[in-house]
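So the structure is just underneath, and the comments pick up after that.
Proteins get letters first, then strands, A, B, ... in listed order; numbering begins at 1 in each.
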Amino acid sequence: MKINFVLNHKPIELDVNPTRRLLDVLREDLHLTGTKEGCGEGECGACTVLVDDKPYNSCLTPVLNVQDKEVLTIEGFREMKEYRIIADAFADMGGSQCGFCTPGMILVSYALLKNNPHPTDEEIRFALSGNICRCTGYQAIVNAVKVASEKGVKL
Amino acid sequence: MIPKYLTSVKKVDNEEKMAGLALFTDDIQVEGAYFAVTLRSEKAHAKILDIKVPTLPKDYYFISAKDIPGENVCNIIVDDWPVFADKETNYIGESIGLVVGPDKEKCLDLLNEFEVTYEELEPVFEMKDSYVHKEFTKGNVDLFKSSAKVFSESFETGYQEQAYLEPQGMLVYFDKDDGRLTVKASMQCPFYIHKAIMRVLNWPEEKIKVIQPAVGGAFGGKEHYPSLMGAQLATAINKIHHPIKMIFDRKEDVPFTTKRHPSKTDISAYLDDKNNLIGLKIHVNIDGGAYIGCSMVVLSRALIAATNTYTFENVEIIGDAYHTNKVPSAAFRGFGSPQSIFAMELFINHLADYLGVDRFVFKNKYHVKTGDVTSTSGIFRDEIVLDKIIEKAKKMSDFDRKFKEYSKPNSNRGIGISTFLHGCGFTGSGESTIINAQLKIKKDKNDIVTFYTSQVDFGQGNRTTLKRIVVDTLGIPEDHVIYDAPDTSKTLSTGPTAASRTIIIVGGLAAKAAQHLKDIWVSGKEQEIVEPYVGPSYIKWDEDKMQGDAYPGYAWGANVVEVSFDPVTYQVKVEHTWSVYDVGHAIDERIVIGQADGGLAQALGWSYLEKEEAVDGRFMQKKFSDYIVPTSMDLPEMETALIDNPFKYGAFGAKGAGELTFVGGAPAFALAFEQAIKKPVHKIPLTPELIMELVKDED
Ligand code: FES
Ligand code: FES
């Protein structure tokens, strides 16, 4: 079946089985390996992509569900100016250790700040709560989001 | 001389990891690679009578013990873990064979068609068959017989899953250029895998190479298990001569790979008729699972750490690791010491309560001081600043005021403080007798320096810190130094990435090698140095008797945890933590604080969220929806301070920091929780069920 959507700002048409996981289509067919599989059951957020600016677990999303929508993966986001602000904040605060959760964390942080440019600590922790990080204990990531917020991702 | 390290540097792998460019094992594409899935034992203890292999389509293979040209043994420390179970199986989930073929789904379907015939044998699930026993004493333990009173308690801790976010995975192929069997895997110890393959294939060293890609966390869980996977995949590729990838599903990784040892520790305090403490007897029991693997070393560390930050004149220390028909327990951050230190920290507070004396005055009386004799009759040589650490932690947390306030009835709040230590490096003389690290550093005609280590950076930041050490010793620009991830065909072994040895041992070695290169530096000339590790001469250790200096140095710390408790829902919430560490001189503060937060987060998870329960040898929690890893909502704001106390023998004064930060979290949490519910705690994880039992228990 033909599926059309916008991937990383470019329209794309794929001829795929519509029930396949978006995660597999991204990683296997399109070689976009910045999106990771940590659990395959919607619990860890390593597979996070943004669909119409909202975080989605691509491991639970059949590719059919993104028909006519806009999908942003880390490969697309890293070309945007907002990426630089968030990535620099992560680097300064030590928000990435092993890096396996990092693309997902960065996308979730972006989705949060886009919606809510000046979140409280609690709002940050809530926004990150679908993404597991086993390395940092989250403090550094929370700090990174705060720094990115101060630098004004929205601008 | 080192203040420039007080500022952190940009991590060398930061950008590639944030941008999603770093290639983890499953991200590496090898044209046409086959997939491997594992046929696992369904029985906890049984003879394997027959394996009925279904008819396999073209290009599909079954690989088992029969295909092993060398020894069917996974090279760990003790040779008891087979690569593939052959005649007998000893735990549910043990590998019997691999199904390999072009399509993963097809391989999984084929797995269901296998029929294995077993003859069941009596399994053992309780800790009753000890396979490693150790004991040692300090002072005069005969005096215990003359005691007037004995105060005894028992403490238990549960399994813990490492839950690295990247599951175990491995890729094998023959390199077209050099013909070597090449392994890329999520790992901690490239040379462990290399040796395991040499043994199973009976091949010489030079036919194999192990290269580290990006690794998504490990925490001990990728210290030994990848050796087993390597031996299995090597057997397979040796037979079919085709690239193979094996990536574990979380549902396979959680129930079938190694865990933290569950433990039970009994402690007795012997008192005279005036309530003076004569001495302690400590018995640490750990559940080693089906194969010993590295349990004897875990047990050693648990025993050496058992007196924690206290010096007692007379101590008897006993330890047993038990064989059970469950998944083998192995390395996990702390390596045995979190279990025994949990017990000791609670016990010493409970003992003070029993004696009716002030806890802090009582503990202070026994706190280790420089020059004290360790429980193994070695000497604490480093400058110990425990007083400063405690004072600072208490001040940061406003401890004294809160402690008083929360002691009141129905406060439903509590604050606890733990102190702890961690011996850095391999136990005893292991660094000079077993590991024998050697580090190669060379320079080309353009004065570009390259050095090699076998240390894996799975998030700890050691690639950055080790490079920093060399760059600053040589005093040359950063881009004149090349330091790549390990490749066993290029690097000499600087030992495993374990035991908090990377900075204290390998960092020290790198600094020395760089200094020697600097001493002979001739611009425009190719030069090379191979630097062998030479341990401090004071280290004398007898592993059989467990006597002598156990570690070259110790790192120290204190954790304060504040919790609140909801008496209606039995929910406990961690409100805040404050930590102070002495890791010698922290070369990169940001990296060390990252270790501090991450270690404490895992310890808090172990304390109250992470429950892994084996029923009849089968783990009940198999994935992240039932094995609960803390999220950002479960963890509080963490504040951390470092005390600068440069260590004479470490690189730029640094000691180890990776494991230390795990050790004190559980006792600090438990002490806080005790205060909130006004009941003593003897067991973790403090799940809502356990809490309910505690609260309802009227005495
Ligand atoms: S892989 Fe999708 S949530 Fe874990
Ligand atoms: S940095 Fe390793 S899981 Fe987050």
Side-chain angles (χ1 to χ4, degrees), chain A residues 27-28 31-46 73-79 83 86-88 90-107 121-122 124-143 145, chain B residues 8 10-11 13-24 26-29 162-167 214-219 247 249-251 457-461 577 590-591 593-602 604-605 623-625 629-640:
Chain A
R27 290 181 54 85
E28 292 166 12
H31 300 308
L32 296 176
T33 54
T35 308
K36 310 292 177 194
E37 175 161 5
C39 71
E41 51 158 358
E43 294 287 337
C44 78
T73 71
I74 192 70
E75 288 85 357
F77 184 53
R78 71 180 176 224
E79 306 298 331
Y83 167 77
I86 296 180
D88 286 347
F90 267 67
D92 290 346
M93 294 298 111
S96 173
Q97 287 188 27
C98 80
F100 203 76
C101 72
T102 312
M105 285 291 186
I106 286 187
L107 286 169
D121 277 31
E122 237 159 278
I124 296 172
R125 284 187 182 270
F126 182 75
L128 300 176
S129 64
N131 291 56
I132 291 177
C133 176
R134 188 56 155 171
C135 300
T136 63
Y138 305 101
Q139 187 62 52
I141 301 180
V142 172
N143 294 345
V145 177
Chain B
S8 300
K10 204 168 161 101
K11 271 173 69 182
D13 53 355
N14 219 36
E15 191 57 35
E16 65 191 49
K17 284 183 169 172
M18 291 190 299
L21 290 165
L23 295 182
F24 294 83
D26 198 21
D27 303 335
I28 302 167
Q29 319 272 349
Q162 291 85 357
Y164 29 69
L165 201 57
E166 179 205 21
V215 176
F219 319 116
I247 306 289
D249 210 82
R250 188 64 63 181
K251 292 193 282 298
D457 191 333
F458 47 83
Q460 328 88 301
T577 69
R590 185 170 57 209
I591 286 178
I593 287 175
Q595 289 297 298
D597 292 348
L600 181 55
Q602 290 175 351
L604 293 171
K623 38 196 188 349
F624 283 169
S625 49
V629 174
T631 69
S632 49
M633 300 278 280
D634 298 314
L635 293 173
E637 190 174 338
M638 300 179 176
E639 278 177 64
T640 306

Query raised in the report: Heavy-atom distance under 4.5 Å to chain B: side chain of Phe77(A), backbone, both or neither?
Result: neither

Query raised in the report: When rounded to the nearest 0.5 angstrom, what is the spacing between NZ in Lys10(B) and CG in Asp92(A)?
Result: 7.5 Å

Report task. Could you give me the CA-CA distance, side-chain angles and deciding distance for Lys623(B) and Glu43(A), then say whether side-chain contact (heavy atoms from CB on, under 4.5 Å) is met? Result -> CA-CA 9 Å; Lys623(B) 38 196 188 349; Glu43(A) 294 287 337; over 6 Å; no

Query raised in the report: Side chains of Ser625(B) and Glu41(A): donor-acceptor distance under 3.5 Å anywhere?
Result: yes

Query - Close side-chain approach of Glu37(A) to Ile247(B), heavy-atom, < 4.5 Å - result: no

Query - Considering all heavy atoms, the nearest Cys44(A)-Phe624(B) contact - result: CB-CD1, 4.0 Å

Query - Interatomic spacing from CD in Glu15(B) to CG in Asp88(A) - rounded to 0.5 Å - result: 7.5 Å

Requested in this report: Would you give the length of the straight line joining atom CG of Asn131(A) to atom OG of Ser632(B), rounded to the nearest 0.5 angstrom?
Outcome: 8.0 Å

Report summary line: In terms of heavy-atom contacts, Pro167(B) and Gly38(A) come closest through CG-O, 4.1 Å

**Report entry** For Ala601(B) against Gly137(A), the heavy-atom pair lying closest together
**Finding:** CB-CA, 3.5 Å

Query raised in the report: What part of Leu128(A) gets closer than 4.5 Å to chain B, counting heavy atoms only: side chain, backbone, both or neither?
Result: both

Query raised in the report: Do you know which of Cys133(A), Ala127(A), Ala140(A), Ala91(A) has the most heavy-atom pairs under 4.5 Å to chain B?
Result: Ala91(A)

Report summary line: Under 4.5 Å to a heavy atom of chain A? For Pro630(B) that would be both

**Report entry** Stepwise side-chain contact (heavy atoms from CB on, under 4.5 Å) check, Asp27(B) with Lys36(A)
**Finding:** CA-CA 9 Å; Asp27(B) 303 335; Lys36(A) 310 292 177 194; 2.4 Å; yes

Query raised in the report: Any side-chain heavy atom of Asp597(B) sitting closer than 4.5 Å to one from Thr136(A)?
Result: no

Report summary line: Okay, Phe458(B) and chain A: the region with an atom under 4.5 Å from a heavy atom over there is backbone

Query raised in the report: What distance separates Met633(B) CE from Arg125(A) CZ, expressed to the nearest 0.5 Å?
Result: 9.5 Å

Report summary line: Of all heavy-atom pairs linking Pro103(A) and Gly20(B), the shortest is CG-CA, 4.0 Å

Query - Side-chain touch Arg134(A)/Tyr164(B), heavy atoms, less than 4.5 angstrom - result: no

**Report entry** Test item: Ile591(B) and Gln97(A) side chains (from C-beta on) under 4.5 Å apart, heavy atoms
**Finding:** no

Requested in this report: Could you tell me whether the side chain of Asn14(B) reaches within less than 4.5 Å of the side chain of Ser96(A), counting heavy atoms only?
Outcome: yes

Query raised in the report: For Ser129(A), is it the side chain, the backbone, both, or neither that has a heavy atom closer than 4.5 Å to a heavy atom of chain B?
Result: both

Report task. To the nearest 0.5 angstrom, please state how far the CE atom of Met18(B) sits from the CD1 atom of Ile86(A). Result -> 11.0 Å

Requested in this report: Find the one option among Cys135(A), Gly45(A), Gly95(A) whose heavy-atom pairs under 4.5 Å with chain B are most numerous.
Outcome: Cys135(A)

Requested in this report: Supply the atom-to-atom distance Asp634(B) CG to Tyr138(A) OH, rounded to the nearest 0.5 angstrom.
Outcome: 7.5 Å

Query - Interchain contact, Lys11(B) with chain A, by part (heavy-atom threshold 4.5 Å) - result: side chain

Query - Closest non-hydrogen atom pair between Leu165(B) and Cys101(A), with its separation - result: CD2-CB, 3.4 Å

Report summary line: Of Ala46(A), Cys39(A), Gly42(A), Gly130(A), the largest count of non-hydrogen pairs under 4.5 angstrom with chain B goes to Cys39(A)

Query raised in the report: Sub-3.5 Å donor-acceptor pair from the side chain of Arg590(B) to the main-chain atoms of Met93(A), do we have one?
Result: no

Query raised in the report: Would you call Asp26(B) and Arg27(A) a salt bridge, taking side-chain N to carboxylate O under 4.0 Å as the test?
Result: yes

Query - side-chain contact (heavy atoms from CB on, under 4.5 Å) evaluation trace for Leu21(B) with Glu75(A) - result: CA-CA 8 Å; Leu21(B) 290 165; Glu75(A) 288 85 357; over 6 Å; no

Query - Under 4.5 Å from a heavy atom of chain A, the part of Ala22(B) involved - result: backbone

Query - chain A contact via Ile593(B) - side chain, backbone, both or neither, heavy atoms under 4.5 Å - result: neither

